Amino acid sequence: MDALDKISEEQKYNLAQRDDEIFDIYPAPPSSAHYNCIITSSWGDTYFPSPTPTGRTKTRRLIHREGDWHRSVEVWIVQKMMVDGSVRVLLQRRSKYKDTHPNMLDVSCAGHVDSGEDVIETALRELQEELGGNGNVQYTKSDLERSKEFVVTSSMKGETQNYGSFICNEYQDVFILWWKDDMVPIDPSIFAPKNKEEVAGFEIVKGQDLIHRMRAGDKSLVPRCSAYVDALAKAFGLQ
């Protein structure tokens with residue numbers, strides 16, 4: 001029997017995320033009209049090109065309970081096939097033990113930025129933790145620095161059976177990493193999480209289909225605002 005099969009359900013929830021993680025708190029956007037928007041230079045130096053933390057911190061559990069603005073990274077692994085020009089996107093399925101959006105299909109790789117941590121460091125760490133269990137993810141700091149596309153504000157509420165209500169207000173740094181082999185289709189089986197309680201599996205979808213499903217509000221996908229989806233479609237070369 002696998003060692004993970006012997007641990008309790010409560011322990012599995014604790015493996016999926018740590019409630020005592022410490023996050024920096026960021027100022028809220030200038031107004032509610034700036035919620036669920038791409039950050040631009042018109043927002044001023046406090047927000048562009050990157051939001052500035054307030055100097056205060058809180059634990060993950062408190063931030064999600066009280067709705068403080070914090071920061072995360074989202075990394076999309078995307079492949080453009082040379083044969084027909086089609087775009088293929090790697091999605092992860094969040095495990096049932098996650099405190100937000102359990103069991104839903106999500107961006108290839110994502111994670112919160114810990115207090116004092118750089119977004120590039122976070123992205124590299126999350127790539128290895130969520131995708132690199134088989135040793136097949138070899139992106140570098142330079143790859144990440146070149147791949148940042150935009151920063152978006154994301155404000156959403158929800159509820160899970162184990163954690164109750166949550167308010168997730170995030171500044172999301174979004175990266176697009178193009179798969180380096182454009183001849184052989186990505187096989188989701190080459191990816192594996194180091195922590196099986198965090199990621200349940202992977203799927204490959206066509207980029208055009210993904211954008212259509214996101215715009216249609218597909219309930220199997222973690223929701224994204226229209227500004228995010230439009231920016232993603234443009235980054236994929238689908239607009």
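All figures in this text were calculated on a predicted structure; none of them were measured in a lab.
For the atom pair CE of Met214 and SG of Cys225, the computed distance is 9.0 Å after rounding to the nearest 0.5 Å.
Annotation: side chain of Pro185 is not in contact with side chain of Ile204 (no heavy-atom distance under 4.5 Å). The closest side-chain heavy-atom distance from Glu198 to Pro193 is not below 4.5 Å. Within the 4.5 Å cutoff, side-chain heavy atoms of Glu129 are placed close to those of Glu126. No side-chain heavy atom of Thr100 sits under 4.5 Å from any side-chain heavy atom of Val222. Residues Ile120 and Lys148 fail the side-chain proximity criterion, which asks for heavy atoms closer than 4.5 Å. Two residues are said to be in side-chain contact when any heavy atoms from C-beta on lie closer than 4.5 Å; Phe236 and Ile176 meet this criterion. Contact annotation: the side chain of Phe23 approaches that of Arg60 to within less than 4.5 Å [non-hydrogen atoms, C-beta and beyond]. Residues Trp43 and Pro51 have side chains not in contact (no heavy-atom distance under 4.5 Å, counting atoms from C-beta outward).
Atom CG of Asp187 sits in a crowded spot, with more than 12 heavy atoms from other residues, nucleotides or ligands closer than 6.0 Å. The number of heavy-atom neighbours closer than 6.0 Å to NZ of Lys180, taken from other residues, nucleotides and ligands shown, is above 12.
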Worked check of side-chain contact (heavy atoms from CB on, under 4.5 Å) between Met156 and Asn36: CA-CA 9 Å; Met156 64 179 69; Asn36 300 312; 6.0 Å; no

Worked verdict on Ser50 versus Arg71 for side chain to side chain donor-acceptor pair (under 3.5 Å): CA-CA 10 Å; Ser50 294; Arg71 200 164 181 183; 3.2 Å; yes

Step-by-step side chain to side chain donor-acceptor pair (under 3.5 Å) determination, Ser42 to Thr40: CA-CA 5 Å; Ser42 65; Thr40 66; 2.8 Å; yes

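A pairwise comparison of heavy atoms in Val75 and Ala123 identifies CG2-CB, 4.0 Å as the closest pair. Shown here for Ser95 and Glu197, the closest heavy-atom pair between the two residues is OG-O, 2.6 Å. What you find for Lys80 and Gly85 is that their closest heavy atoms are CE-O, 3.6 Å. Taking both residues in full, the closest heavy atoms of Ser72 and Glu170 are given as OG-OE1, 3.1 Å, listed atom of the first, atom of the second, then distance. Minimum heavy-atom separation, Pro102 to Lys96: CB-O, 3.7 Å. The two atoms that bring Gln79 and Ile186 nearest to each other are OE1-N, 2.9 Å, heavy atoms only.
The aromatic rings of Phe202 and Phe191 lie tilted to each other, with the angle between the two planes from 30° to 60°. Note on ring orientation: taking the six-membered ring where Trp is involved, the planes of Phe166 and His64 are tilted (angle from 30° to 60°).
Residues meeting the side chain to side chain contact (heavy atoms under 4.5 Å, CB included) test with Ile22, sequence neighbours left out: Thr57, Thr59, Ser115. Gln208 is linked by a side chain to side chain contact (heavy atoms under 4.5 Å, CB included) to Leu238, counting only residues two or more places apart in sequence or in another chain.
No donor-acceptor pair closer than 3.5 Å links the side chain of Glu159 to the backbone N or O of Gly164. With hydrogens and angles disregarded, a donor-acceptor distance shorter than 3.5 Å links the side chain of His70 to the backbone of Asn169. A donor-acceptor pair under 3.5 Å is absent between the side-chain atoms of Asp24 and the main chain of Thr54, judged by distance alone.
Tyr228 has its ring centre less than 6.0 Å from the ring centre of Phe150.
With Arg224 as the partner, the side-chain contact (heavy atoms from CB on, under 4.5 Å) test is satisfied by one option alone out of Leu232, Val152, Asp106: Asp106.
Note on Tyr171 and Ile63: separate hydrophobic clusters, where clusters join Ile, Leu, Val, Met, Phe, Trp and Tyr whose side-chain heavy atoms are under 4.5 Å apart, directly or indirectly. Hydrophobic cluster membership is shared by Leu124 and Val73, with clusters built from Ile, Leu, Val, Met, Phe, Trp and Tyr side chains linked at under 4.5 angstrom.
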